[in-house]
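Heavy-atom basis, side chains included; hydrogens, waters and symmetry copies ignored. Lettering follows sequence order; numbering is per chain, from 1.
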2 protein chains.
Amino acid sequence: MPKETFFNLPEDKRERIIDIALDEFSHFDFQSASISRIVAAAGIAKGSFYQYFADKEDLYRYLFELAGQKKGEFLAQNPPEPEMDIFSYLYWLAEKGVEFEMSEPKLSQMGYRALNSGGMPPEFLSSARTMTAEFFKQLIANGKEQGHIDPDIDADLAAFFFNTIFSELGQYMFRRLAADDHGRTGNNEAFFRSAEARAIVGQTINILKSGMGKRS
Amino acid sequence: MPKETFFNLPEDKRERIIDIALDEFSHFDFQSASISRIVAAAGIAKGSFYQYFADKEDLYRYLFELAGQKKGEFLAQNPPEPEMDIFSYLYWLAEKGVEFEMSEPKLSQMGYRALNSGGMPPEFLSSARTMTAEFFKQLIANGKEQGHIDPDIDADLAAFFFNTIFSELGQYMFRRLAADDHGRTGNNEAFFRSAEARAIVGQTINILKSGMGKRS
DNA sequence: CGGTCATGTGACCGATCAGTCATATGACCA
DNA sequence: TGGTCATATGACTGATCGGTCACATGACCG
């Protein structure tokens with residue numbers, strides 16, 4: 001946790017530091033990210049940084065938690081309709097996930113790096129990773145109970161599928177946008193509300209549904 | 001490319017250097033991997049290293065190419081039956097891929113890191129990445145022609161699915177083995193030839209087949 | 001023997017890093 | 001005014017890095 005000094009900072013200064021730190025950690029993994037670059041870019045003294053944070057890891061953990069918290073808030077602000085079946089719920093989750101990645105690209109990119117480029121304290125990864133894995137497993141268990149998921153599907157493997165596809169989907173859509181966008185608006189938000197984007201997300205869910213849904 | 005000096009080395013010395021370098025690059029990404037650690041572990045002088053390789057990147061590219069080459073050789077030694085339909089071919093590819101990862105864990109881990117932990121010359125990633133993407137797209141086009149893949153499936157999205165699942169499957173099975181293996185043999189090779197492993201690979205392909213196969 | 005040439009060596013260079021600390025600033029209060 | 005206290009500062013430390021270079025070694029040849 002950052003020190004009290006950090007939270008006593010004027011909001012704009014605090015936010016500038018966060019923003020610049022996210023820039024650094026979305027471009028480099030934990031080891032390669034540089035506190036020296038961050039303080040230089042933020043225009044603060046090295047010593048000041050260490051008035052705010054205990055060390056590099058303190059900042060990193062804080063940003064990581066911030067990402068999780070912001071995503072939670074984002075999802076809470078756009079709640080799913082109650083009583084959705086599992087694949088409608090997954091559609092909602094994927095769509096909101098992609099929207100979040102577009103509205104908070106630095107935060108998302110840094111979270112993605114944190115989870116996928118290894119090299120930090122084991123619990124860091126594994127606690128977050130197992131949490132999402134458990135979440136998907138629970139979802140699958142429910143789906144089986146409600147008869148929406150083929151009971152013969154290996155729950156662990158299905159969780160792997162969801163986890164993998166969901167964590168990569170945003171990156172994929174971003175790459176695809178960049179490739180398609182031959183000098184177009186460059187307005188990601190707009191694109192990701194477009195019919196085309198919805199269609200890709202929809203087809204993703206349909207593949208999963210056909211692949212794992214209950215034979216009827 | 002390494003210098004001639006490197007290839008003039010006695011085979012055991014050359015292989016020890018490669019092995020130790022793979023150890024380093026399978027644990028750290030390009031930026032964080034350390035030539036100093038490699039030469040210390042290999043028991044050679046820093047200056048000697050630079051008699052063999054132009055620089056860090058030279059070694060990295062060489063190992064990366066070696067990984068691709070070894071995998072190619074591995075697949076060539078266990079060729080698929082001719083005239084397989086696309087999903088049988090994918091099963092073969094997944095099974096051999098997992099077997100390769102188990103027989104050459106350092107090489108595979110280093111290749112995985114190279115592709116997934118970003119931060120090196122763009123062509124490095126993107127040329128390898130687009131190559132495999134094109135490979136899968138071609139496979140999908142063939143599958144559509146032969147009536148094995150639903151023609152309504154977005155080929156690009158399907159390639160993303162294959163690419164993503166295939167690149168993560170080995171890692172997943174490794175994690176799952178480690179979790180299941182509560183003090184068992186620790187013999188990965190044996191496990192990955194087991195009926196259980198084959199069943200997981202089989203179900204993976206079945207999910208993809210049900211998800212994208214032609215409706216009949 | 002002396003000369004040549006590929007190979008081996010490790011001290012050294014300049015850069016960069018995370019983190020520290022003595023000191024400075026400046027707001028607030030007595 | 002003078003004292004106190006949270007905050008700001010940047011020179012500094014010790015470590016590590018990738019890469020260089022002047023020199024050592026030793027095999028082969030005349």
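Contact check, A:N8 against D:dT7: a side-chain N or O comes under 4.0 Å of OP1 or OP2. Dashed line: the shortest gap from a side-chain N or O of B:S36 to OP1 or OP2 of D:dG18 is under 4.0 Å.
In the set D:dC17, C:dC17, C:dG8, C:dC17 carries the atom at the smallest distance from any side-chain atom of A:R37. Of all nucleotides listed (D:dG18, C:dG8, D:dT9), D:dG18 comes nearest to the side chain of B:S34. You'll find that the side chain of A:Y50 is closest to C:dT20, out of C:dT20, C:dG8, D:dG10. For B:T5, taking side-chain heavy atoms from C-beta onward, the closest of the listed nucleotides D:dG18, C:dT9, C:dT7 is C:dT7. With distances taken from any side-chain atom of B:K13 to the nucleotides C:dG8, D:dG19, C:dG10, the minimum falls on C:dG8. Out of C:dT9, C:dA18, D:dT7, the shortest distance to the side chain of B:I44 is found at C:dT9.
Ranked by how close their nearest DNA chain C nucleotide is to the 5' end, A:G47 and A:A33 are led by A:A33.
In summary, the aromatic rings of B:F53 and B:F49 are positioned with their centroids under 6.0 Å apart.
Remark: C1' of C:dA15 and CD of B:Q31 are 14 Å apart, rounded to the nearest angstrom. Look at NZ on A:K3: it is 12 Å from P on D:dA8, rounded to the nearest Å. Between the CD atom of B:E4 and the C1' atom of C:dC5 there is a distance of 13 Å, given to the nearest Å. At whole-Å resolution of the value, CZ in B:F30 and P in D:dC17 are 14 Å apart. Between the CD atom of B:Q51 and the P atom of C:dC5 there is a distance of 16 Å, given to the nearest Å. The distance from atom NZ of B:K46 to atom P of D:dG18 is 6 Å, rounded to the nearest whole Å. We find that CG of B:L9 is positioned 9 Å from C1' of C:dT7, with the value rounded to whole Å. Taking atom CG of residue B:D58 and atom P of nucleotide D:dT20, one finds them 12 Å apart after rounding to whole Å.
At the heavy-atom level, B:A40 lies nowhere under 4.0 Å from the strands shown. The residue B:F6 sits apart from the nucleic acid: no heavy atom pair falls under 4.0 Å. Heavy atoms of A:A54 sit nowhere under 4.0 angstrom from any nucleic acid atom. Note on B:Y52: only backbone sugar-phosphate atoms sit closer than 4.0 angstrom, heavy atoms only; bases stay farther off.
Remark: B:M131 CE is loosely packed, at most 12 non-hydrogen atoms of other residues, nucleotides or ligands lying under 6.0 Å away.
Between B:Y89 and B:F135, the ring planes are tilted. Angles from 30° to 60° get that label. In this pair, A:F136 and A:F162 present their aromatic rings tilted. The plane angle is within the 30 to 60° band. In this pair, A:Y62 and A:F6 present their aromatic rings perpendicular. The plane angle is above 60°, beyond the 30 to 60° band.
A donor-acceptor contact closer than 3.5 angstrom links the side chains of A:S32 and A:D29.
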